[in-house]
Amino acid sequence: MDRMNPSSVRAAIRSGEYRQPTPGLAPGFAQANLVVLPKSSSADFLLFAQRNPKPCPLLEVTDAGNPEAVRTAPGSDLRTDIPRYRIYRYGVLTDEVDHLKDIWQDDFVAFLVGCSFTFENALQRAGIPIRHIDEGRNVSMYQTHIACDPAGIFFGNMVVSMRPVHRSQVVRAVQVTSRFPAVHGAPVHIGTPEAIGIVNIDKPDFGDPVTIYDEEVPVFWACGVTPQRVAVQSKPPLMITHAPGHMFITDISDESLSVL
């Protein structure tokens, strides 16, 4: 597998060669979260995403029944090109699977939601270390009490991802990530995790814990795992997502999503 090339990474995932989290893969190319819903509930989710652009910035919405991400990764297959999928039924996580071939339906609509892995390359270029990459772990993700704006059947609280940043680099991290609103943009919170409902920073709800050194501050970005929390809280009959940290890698360059 050519870890630098999006199509090569997707091919390795499709064949079963690669089944791990995707941070650090295909640097320079946007990664995306996945939400798949029956057409009957897709309009409500589209409205939910439009009302909540920080946690749910949309990169693409597919036509019903089409598993190809035509606009962001031509030739891809959303049924097979993500290392791990989750299936929620009425708010309960019922299964994790390696592909969706057995359950794909002709009325499924797929949403690709921007992922903060996309701006990590820009942070590294700015001299800001990415701890979960350095430690070979998945990013730390936490449930919060920040309420999303409801739409139709969907409601729930935001999930955030966390990266430790040295105090001297926090302003720079905000500046860098502000350039990428299509992949969550600037942080939603800095420091004091308890202020947004995080009880224990050392025990993330999703992903892995990472080391936070002295003089570092936990910085929190809105996270595309938010729809999974929304699935648990609003209990739609069926929602399919990626497993946290196991993303879809697009052919879109990071810099094409930069607004500055």
Would a 4.5 Å heavy-atom cut-off, applied to side chains only, mark [X] and [Y] as touching?
X: Asn5; Y: Phe29; value: no
X: Met239; Y: Thr241; value: yes
X: His242; Y: Gln228; value: yes
X: Asn52; Y: Thr226; value: no
X: Glu96; Y: Ile87; value: no
X: Val183; Y: Ser116; value: no
X: Pro209; Y: Pro204; value: yes
X: Val174; Y: Pro187; value: yes

Quiz prompt | Met1: hydrophobic cluster co-members (side-chain, 4.5 Å) | solution =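 Traced through the cluster, Met1 reaches Val9, Ile13, Tyr18, Leu25, Ile249.
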Quiz item: Tracing side-chain links under 4.5 Å among I, L, V, M, F, W and Y, which residues wind up in one group with Val92?
Solution: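 Noted: Val92 shares its cluster with no other residue.
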Electrostatic pair [X]-[Y], nearest N-O below 4.0 angstrom:
X: Asp251; Y: Arg10; result: yes
X: Asp98; Y: Arg84; result: yes
X: Glu68; Y: Arg79; result: no

Quiz item: So, Gln31 versus Thr250: side-chain donor-acceptor pair below 3.5 Å or not?
Solution: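 There is no such pair between these side chains.
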Practice problem: Could you verify whether a donor N or O on one side chain and an acceptor N or O on the other, from Arg179 and Ser258, lie under 3.5 Å apart? | Solution: yes
Self-check item: Geometric class of the Phe45/Phe154 ring pair [parallel <30°, tilted 30-60°, perpendicular >60°]
Solution: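 Ring orientation of Phe154 relative to Phe45: perpendicular.
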Cluster check [X], [Y]: I/L/V/M/F/W/Y, side chain < 4.5 angstrom:
X: Leu93; Y: Leu238; answer: no
X: Leu46; Y: Leu37; answer: yes
X: Ile146; Y: Ile198; answer: yes
X: Val176; Y: Val219; answer: yes

Quiz item: For Val230, which of Phe155, Tyr88, Phe48 qualifies under side-chain contact (heavy atoms from CB on, under 4.5 Å)?
Solution: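 Answer to the side-chain contact (heavy atoms from CB on, under 4.5 Å) test with Val230 among Phe155, Tyr88, Phe48: Phe48.
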Exercise. Name all pairs fulfilling the side chain to side chain donor-acceptor pair (under 3.5 Å) condition that reach into residues 132-155, sequence neighbours left out, sorted by first residue then second.
Key: Glu120-His132, Glu135-Thr211, Gln143-Arg229
Practice problem: Can you spot which of Arg131, Arg163, Arg167 makes a salt bridge (Lys or Arg N to Asp or Glu O under 4.0 Å) with Glu216? | Solution: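 Among Arg131, Arg163, Arg167, the one meeting salt bridge (Lys or Arg N to Asp or Glu O under 4.0 Å) with Glu216 is Arg131.
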